[in-house]
Number of protein chains: 2
Amino acid sequence: MSVASREWQLIARPVGEPKPTDFRLLRAEVADPGPGQILVRNTWLSVDPYMRGRMNDVPSYIPPFQLNEAMTGGAVGVVVAAGDGSAIPVGATVSHFEGWREYALLDAAKTQVLDTSKVPAQAFLGVLGITGLTAYVGLTEIAPVKEGDVVFVSGAAGAVGSVAGQIAKKLGASKVIGSAGGPQKVKRLTEHYGFDAAIDYREGGLRTQLKQAAPDGIDVYFDNVGGDTLDAALTRMNLFGRIALCGAISVYNEESMPAGPPHLTLAIGKSLTLRGFTIGHHMKAFPEYIGKASGWLAEGSLRTDETVVDGIEEALNAFFGVMSGANTGKMLVRLPEA
Amino acid sequence: MSVASREWQLIARPVGEPKPTDFRLLRAEVADPGPGQILVRNTWLSVDPYMRGRMNDVPSYIPPFQLNEAMTGGAVGVVVAAGDGSAIPVGATVSHFEGWREYALLDAAKTQVLDTSKVPAQAFLGVLGITGLTAYVGLTEIAPVKEGDVVFVSGAAGAVGSVAGQIAKKLGASKVIGSAGGPQKVKRLTEHYGFDAAIDYREGGLRTQLKQAAPDGIDVYFDNVGGDTLDAALTRMNLFGRIALCGAISVYNEESMPAGPPHLTLAIGKSLTLRGFTIGHHMKAFPEYIGKASGWLAEGSLRTDETVVDGIEEALNAFFGVMSGANTGKMLVRLPEA
């Protein structure tokens, strides 16, 4: 009594910008859960820029997507069937890593049961998931914010960046500056997320804009973007500045390796520390973060946005959207509840 | 009863590669020492790549040279006259920062008296000076070497690099790889300084050469060179690798800011730390280092080279030489003892 499930597969490795023809949406049969297994109907799929990297067949911190197999990614869903010995009952909401599909057959032990009594399930893919944890770890462990620091966050209207900006304030930053693309996002940074200043990278003149926004320089830079933005930040960093290298969305789609930041050499004289990280190595900070973030959400001091598209057939467009900056906050695909 | 002293002055700010006409050697009168002052006849001048940066009129960790004034830099010399209340007697050997000239009038309190009973005076400009300290701090505080690490040092035949390679071994590195320019220097790395492998950057194919020399990747990279060498190292760094950004001699003479390392983006997935430093912020490590280095020198386990030119009139050529890699080990200018 298997179930039919549509799933997205990568069928050709993109060169440069991914094309629709590099993917296909396929119907597959998913078997009944065996012992210790659960069958989950996915209700929310996470869509993230790092997925671009997994489309290349190169060794990295996370294995590449396999051609002609369902892609994977963060997801939440509802348990619709449970095999013998599964500790998770039918009806439970769980998070797992078998996204990009309607139904997932999973080892119950590899999923987390979610308490959705206070927050909606999809929050566990965003602010209460590795997205929020990434922002927190970046500003506490990787490029620690100290009281009075000036902090700059790029990709600041994105899922990670919007949380990072608010956490920087909570950690004592005297000023938090964000960059984003377009006047609407820039406005949202200051009016909704509480950034002190915001700049629009699409207007160009990044160095000048940053100089105006941070006349006393930058102590901590949370980099989601790489490229020109990283270079501009290097020119404004203060002595002993810290840079968390979290993402480089500006270069993910480049066909050949683009040039690096010319001003990296300034790191010598300014005694800068640049530190790359991926969140998988920092999961031990999750309980501490969840405790804090839950409190912030409950008191209303941490604001988040979602950009939602509906239906498995729209998941690919959601991915194209997150790569081009169509989202504000977390990009999500919503699937029918039943 | 002043003394005549020749001194080098910067008279034009170089654009790109410095030209002889950017400098002049001038005769100046140096006054007798006043209270608390000493007059020093310099016997050794330190010649270092970082001096190129001081020729530009840009804010940096150390002020730029002033036009039409004597340049400065590390030097050692003999006290030939002492003013009232100077604690340093005539005949003492001292180190100070008023190089690029024959005689220096100094506050006695701003000089260090040197014990030359066991090592020659010029060692205090090299292995027992900030040159050696730079190598030590880079591999203990900035990019700490752990037992078993594979370490790569660029500019490895230079004053800092040659010491860094040997210190890496002492700190427990399982393999130390050096890069230098030309077959003679490359040979010296393995035969004299004890590097396990050496590559010649002038032969090109840096990435391939590094891959062959470090098939298991690199854990710590001590960067004196920047540019293509830094980029090649980034491609070979292991997870959690550390890079000490000490110098970037390959780009100091560039007229416009050259492109940065394209593979910097790899720092994210590999969780790399790149840390720039200048030695002035780490002087507290000097006593610890001097203690260790003196022991290594006494037991003959730390080898150094000097490249010596004679006469104040040759100081400028020595600087051009250090920029083009004419030196092995420390580049020094020797002045007459009397």
Side-chain angles (χ1 to χ4, degrees), chain A residues 49-50 53-54 56 58-62 134 137-138 141-143 217 223-228 230-231 234-235 237 239-252 254 256-282, chain B residues 49-50 53-54 56 58-62 134 137-138 141-143 217 223-228 230-231 234-235 237 239-252 254 256-282:
Chain A
Y50 81 86
R54 300 191 67 195
N56 300 331
V58 291
S60 185
Y61 66 97
I62 186 168
T134 298
V137 165
E141 295 182 28
I142 305 300
D223 185 24
N224 290 307
V225 164
D228 292 343
L230 173 55
D231 195 57
L234 284 165
T235 69
M237 295 302 292
L239 189 68
F240 301 123
R242 289 134 272 148
I243 299 180
L245 301 172
C246 177
I249 195 170
S250 72
V251 304
Y252 288 163
E254 298 280 345
S256 61
M257 219 67 181
H263 290 91
L264 179 61
T265 305
L266 294 177
I268 302 171
K270 293 182 179 186
S271 295
L272 304 182
T273 300
L274 293 84
R275 206 170 154 204
F277 73 114
T278 58
I279 200 61
H281 297 297
H282 300 273
Chain B
Y50 81 85
R54 300 191 66 195
N56 300 331
V58 292
S60 186
Y61 65 98
I62 186 167
T134 299
V137 165
E141 294 182 28
I142 306 299
D223 185 23
N224 290 305
V225 164
D228 292 343
L230 173 55
D231 195 57
L234 283 164
T235 69
M237 295 303 292
L239 189 69
F240 301 125
R242 290 134 272 150
I243 298 180
L245 301 172
C246 177
I249 195 169
S250 73
V251 303
Y252 288 164
E254 298 281 344
S256 61
M257 218 67 181
H263 291 91
L264 179 61
T265 305
L266 294 178
I268 302 171
K270 293 183 179 187
S271 295
L272 304 184
T273 300
L274 293 83
R275 204 170 156 205
F277 74 114
T278 57
I279 200 61
H281 297 297
H282 299 273

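Throughout, protein chains are lettered first and strands after them, A, B, ... in sequence-line order, and every chain is numbered starting at 1. All values below were derived from every heavy atom in this structure, side-chain atoms included, with hydrogens, water molecules and symmetry-related copies excluded.
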Roughly how far, to the nearest 0.5 Å, is OG of A/S60 from NZ of B/K270? 9.5 Å
Please classify the contact between B/L239 and chain A as side chain, backbone, both or neither, with a heavy-atom cut-off of under 4.5 Å. side chain
Going by the rule side-chain hydrogen bond (donor to acceptor under 3.5 Å, both in side chains), which residues pair with A/D228 if we only count those two or more places apart in sequence or in a different chain? none
What is the distance from atom CD1 of A/I268 to atom OH of B/Y61, rounded to the nearest 0.5 Å? 8.0 Å
To the closest 0.5 Å, what do you measure between OG (A/S271) and CD1 (B/I142)? 7.0 Å
For chain B, find which of A/L245, A/I62, A/L272 contributes the most heavy-atom pairs closer than 4.5 angstrom. A/L272
Side chain, backbone, both or neither of A/P261 within contact of chain B (heavy atoms, under 4.5 Å): both
Ranking A/G226, A/G227, A/A267, A/G280 by heavy-atom pairs under 4.5 Å to chain B gives rank one to A/A267
Reported CG-to-CG distance for the pair B/L264 and A/D231, which is rounded to 0.5 angstrom: 10.5 Å
Quick one: what part of A/L230 sits under 4.5 Å from any heavy atom of chain B, side chain, backbone, both or neither? side chain
Return the set of residues passing side-chain hydrogen bond (donor to acceptor under 3.5 Å, both in side chains) with B/D223 (not counting sequence neighbours), or none when no residue passes. B/S154, B/Y221
Contact class of A/T265 relative to chain B, heavy atoms under 4.5 angstrom: side chain
Proximity breakdown for A/Y50 and chain B, heavy-atom pairs closer than 4.5 Å: neither
Dump the intermediate steps for side-chain contact (heavy atoms from CB on, under 4.5 Å) on A/L274 and B/T273, then the final yes or no. CA-CA 6 Å; A/L274 293 84; B/T273 300; over 6 Å; no
